[in-house]
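The structure appears below as structure tokens.
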Number of protein chains: 2
Amino acid sequence: MILREGLAGVTVRGVAAEAGWSTGSLRHYFKNQHELQAYVVQATTDTLRRRVLPRVQRPRTAGSVVEGIAAIVQEMLPLDAERREEYALWSAVVEWERQHPPEGGSTAWNDQRALYRQCITFMRGYEPVRDPDQATLPHPDDQVELWAAILHTFVDGLASQLMNTPGEMSADTVAPLLRSLLEAVPPAGLDRRAHQP
Amino acid sequence: MILREGLAGVTVRGVAAEAGWSTGSLRHYFKNQHELQAYVVQATTDTLRRRVLPRVQRPRTAGSVVEGIAAIVQEMLPLDAERREEYALWSAVVEWERQHPPEGGSTAWNDQRALYRQCITFMRGYEPVRDPDQATLPHPDDQVELWAAILHTFVDGLASQLMNTPGEMSADTVAPLLRSLLEAVPPAGLDRRAHQP
DNA sequence: CAGTTAATAACACGCCCGTGCTATTTAAAA
DNA sequence: TTTTAAATAGCACGGGCGTGTTATTAACTG
């Protein structure tokens, strides 16, 4: 229902009919439409996190560092029908949360940033952090933070273009862009390069 | 009305009431709700194009090449209330066009790509193209096309994060990210650098 | 001036919606 | 078995909506 008509289309009558219940029965569990939609948001984000997290932790194929990171990043992108559906779900929830801001801040952004922080950490030759919670903290190397932010932003742009203008940005177009951006990440030990004439 | 409730909230009765007219009177000009919304989409994109185009063609302040290009790009970003409003309008139209695909393809994407193509063209030392229509065509240098696409995607990501997670990505955060990305654009004449060991 | 068309208004019908309220069935507890 | 609470169903009210139809006013034309 969210995919068809957005979160505003999640209506008491509609959900009840689709589930084969009556509206009164449904309202025994969700006394408001607002409660129903809040539950839908919670369930959607939980389901997505459960589906996305193991996907980026699968064993990686052999290859160069850039190609390995690129493979991980591409797992996050809406490149096929299934992931397009996931992303549409996620952006419906994001938009709804922007109009109805929740009590506690959203943690989705920090989860993603931690993933890209680990990618850049590995690319610059540091030991990858094993503890997932520790990856939420900023890295001592400022260049790691900078390029994690750049990569994070770039991937958001890729996803946005894949969803909004699929005719212009396709799965084939993504790969060389991503590879070139990753190759532009400066290697460790050259931090002062940009400051020299 | 679009900003408040999205394009689905552009209703015959609502527009008529807000304009001080009657529904019958409004429907003398738009016989459908669909016609009304289609007109709203057209008017919105036209207005936005008229407002955005002269903004990037203003005389630029002196400074380095990277800073000049960064200033142009930052003009496109939703960094203040007015441009946040414009961007919200634009994304409401984009989302509506994704659910109701129009007859002729959207030209907004090509307009933007042409802008970033000219930025990269200038950064790599080529003569900037004077004819605006000619900038719509691909540049003979593949690296220009590649980095125009990267910049385009990156700016989309910046805009997306500024709108969706303003607490995490602010105007102050944008500047160093954008500057570092622009500094990573390879200068002309070094195309084969990546292929050498 | 009369006549014709555009412009504006008003109403009615049917649909979907949220929500409050009241029955009825089911299940557990005493 | 009786009692009690939970679970399910159904109905009714008011409201917003798109749209078709008809009436009224304005403007233009001959």
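To find a chain, count down the sequence lines: A is the first, B the second, and so on, and within it residues start at 1.
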Hey, does [Y] have a side-chain heavy atom less than 4.5 Å from the side chain of [X]?
X	Y	result
A:H139	A:I120	no
A:P186	A:R124	yes
B:H152	B:D156	yes

Between [N] ([atom2]) and [X] ([atom1]): distance, integer Å:
X	N	atom1	atom2	result
A:H34	C:dT19	NE2	P	10 Å
A:Q33	C:dG20	CD	P	12 Å
B:F30	D:dG20	CZ	P	17 Å
B:Q37	D:dG18	CD	C1'	11 Å
B:L26	D:dG20	CG	C1'	15 Å
A:K31	D:dT8	NZ	P	18 Å

Looking at [X], I'd like to know whether one of its side-chain N or O atoms comes within less than 4.0 Å of OP1 or OP2 on [N].
X	N	answer
A:S25	D:dA9	yes
A:Y29	D:dA6	no
B:T11	D:dG18	yes
B:R27	D:dG20	yes
B:H28	C:dA7	yes

Between A:R49 and A:D46, is the closest basic N to carboxylate O distance under 4.0 Å?
no
Return the nearest nucleotide to the side chain of B:R13; candidates are D:dG18, D:dT19, C:dC17.
D:dG18
What nucleotide among D:dG18, C:dA9, C:dT19 has an atom nearest to a side-chain atom of A:V12?
C:dT19
Please indicate whether B:Y126 has more than 12 foreign heavy atoms, meaning atoms of other residues, nucleotides or ligands, lying under 6.0 Å from its OH.
yes
5'-most by nearest nucleotide on DNA chain C - A:G24 or A:V10
A:V10
